[in-house]
There are 2 protein chains.
Amino acid sequence: MERELLLLGLLRQGAMHGYQLHDFIERNLAFCTDLKKPTAYALLDKMQANGWVVVREAREGNRPYKRVYSLTPAGEEAFQRLLRENLGAFIAAKTGSDIGLAFIDVLPKAEALQLLNQRRAAVSAQLAEFEAVPQHQGSYQLLIDHQLHYLRSELQWLDEVIAHIRSRRHVLRRHGERM
Amino acid sequence: MERELLLLGLLRQGAMHGYQLHDFIERNLAFCTDLKKPTAYALLDKMQANGWVVVREAREGNRPYKRVYSLTPAGEEAFQRLLRENLGAFIAAKTGSDIGLAFIDVLPKAEALQLLNQRRAAVSAQLAEFEAVPQHQGSYQLLIDHQLHYLRSELQWLDEVIAHIRSRRHVLRRHGERM
DNA sequence: TCTTGAATAGTCAAAGTTGACTAGTCAAAA
DNA sequence: TTTTGACTAGTCAACTTTGACTATTCAAGA
């Protein structure tokens with residue numbers, strides 16, 4: 001749903017190839033969304049079937065043909081609708097990263113702490129990466145700011161978890177656990 | 001990857017039907033992971049092929065047969081490996097909820113604010129829901145606490161965004177935009 | 001000049017995911 | 001008692017996603 005919105009929003013700024021769309025997303029929005037090349041083309045096909053985009057087969061010189069996608073009025077309408085739908089709603093993110101926490105009692109305290117510190121380093125590294133991104137103008141900066149806010153919040157939570165585990169008595173052995 | 005970990009972790013606490021596994025996840029962990037019934041069975045089939053679980057066809061009375069899954073030693077090994085892998089790494093969550101923000105400039109300021117306030121209400125409602133969950137014992141509480149932490153952080157960020165948009169000059173009209 | 005590697009553009013078969021279904025059991029209301 | 005609705009248990013065809021390809025162009029270095 002949001003991937004359609006994204007493709008429409010990009011096409012709104014001008015006609016593009018499927019390849020360019022995918023490439024832009026991969027380079028700039030990989031932290032937000034996940035859109036592999038074949039999926040991008042599949043969505044574009046569907047959007048074409050919906051009448052949201054039209055394709056023009058173009059060739060420059062004798063290079064192999066390329067398909068250039070551009071927005072139709074129906075596509076603009078869809079964009080407007082999807083944008084409002086997206087902004088007005090909130091869908092909580094789901095990492096699978098939490099699942100392990102549900103079973104952390106299985107591990108000896110020392111190993112649990114070692115692994116969580118390793119995880120903390122990973123969060124920290126991602127945070128440093130985003131802190132190094134130069135300021136952008138426009139609403140793209142919002143996305144970066146959100147990611148920064150999210151990563152800082154995760155880091156803070158992880159620190160709380162580590163402190164909590166550290167303060168606990170040594171965990172008892174359980175069924176099926178290696179010593 | 002984390003869904004296998006989850007299934008293995010649950011089966012570790014005792015043999016179960018595919019249906020019970022799915023049902024438990026749906027009821028208690030829907031905020032963390034997403035595992036539809038047919039996907040659960042597909043994963044169990046794969047795990048069986050891996051030798052991580054075994055199936056016993058059982059019937060009680062003359063009710064139709066049921067398949068009871070249980071962990072093998074190889075499954076326990078896989079669980080231990082996946083658990084360490086999961087805890088030691090961090091994979092940032094991806095909502096698609098952010099995509100809309102990238103295009104918020106398209107909307108008139110007033111409408112943008114109205115939609116963001118609607119979104120804020122949605123976050124607030126989810127937060128209230130989780131604040132109402134009674135305290136659990138054990139590491140399940142960690143998952144709840146994480147969700148609370150996450151939702152509070154999102155709410156705070158949204159408030160910053162709303163304040164930021166509010167403080168901005170009225171947005172200029174752009175290409176393709178309805179008046 | 002020729003080769004190599006990166007970038008551009010897209011495809012395909014295989015794998016994963018899911019909405020909608022079947023089918024039996026059970027408890028309670030009509 | 002029989003109908004209704006919820007619960008248990010699982011399946012299937014359709015749809016979506018993806019890893020791994022093909023094939024051309026282009027620039028740089030050997």
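Chain A is the first sequence line, chain B the second, and so forth, proteins listed ahead of strands; every chain is numbered from 1.
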Atom pair distance, as rounded to whole Å: CZ in A:Arg27 and C1' in C:dA6: 11 Å
Rounded distance (Å) that lies between atom P of C:dA6 and atom CG of A:Asp23: 15 Å
Distance in angstrom units between A:Met47 CE and D:dT16 P, rounded: 14 Å
Residue of the set A:Val68, A:Leu44, A:Leu11, A:Leu7 for which side chain to side chain contact (heavy atoms under 4.5 Å, CB included) holds with A:Met16: A:Leu11
Nearest-Å distance for atom pair CE/C1', residues B:Met16 and D:dT8: 15 Å
Test log, rule side-chain hydrogen bond (donor to acceptor under 3.5 Å, both in side chains), inputs B:Glu154 and A:His149: CA-CA 8 Å; B:Glu154 283 298 293; A:His149 197 273; 5.6 Å; no
Atom-to-atom span, NZ of B:Lys66 to C1' of D:dT8 - whole angstrom: 7 Å
Atom pair distance, as rounded to whole Å: CG in A:Leu21 and P in C:dA9: 11 Å
Atom pair OG (B:Ser124) and CZ (B:Arg119), whose distance is rounded to the nearest 0.5 Å: 14.0 Å
Protein proximity profile, nucleotides 11-20 of chain C - base contact B, sugar-phosphate-only contact S, no contact -, cut-off 4.0 Å on heavy atoms: BB---SSBB-
Candidate pair B:Gln80 and B:Arg84, rule side-chain hydrogen bond (donor to acceptor under 3.5 Å, both in side chains), full reasoning: CA-CA 6 Å; B:Gln80 296 280 340; B:Arg84 286 167 171 81; 2.7 Å; yes
Mutual orientation of the aromatic rings belonging to B:Tyr150 and A:Tyr150 [parallel < 30°, tilted 30-60°, perpendicular > 60°]: perpendicular
B:Asp45 CG to D:dA9 P, straight-line distance once rounded to whole Å: 17 Å
Nucleotide C:dT8, atom C1' - distance to CD of A:Glu26 in whole Å: 14 Å
Any A:Tyr19 side-chain N or O less than 4.0 Å from OP1/OP2 of C:dG10: no
Stepwise side-chain hydrogen bond (donor to acceptor under 3.5 Å, both in side chains) check, B:Gln141 with B:Gln137: CA-CA 6 Å; B:Gln141 186 62 40; B:Gln137 84 289 28; over 6 Å; no
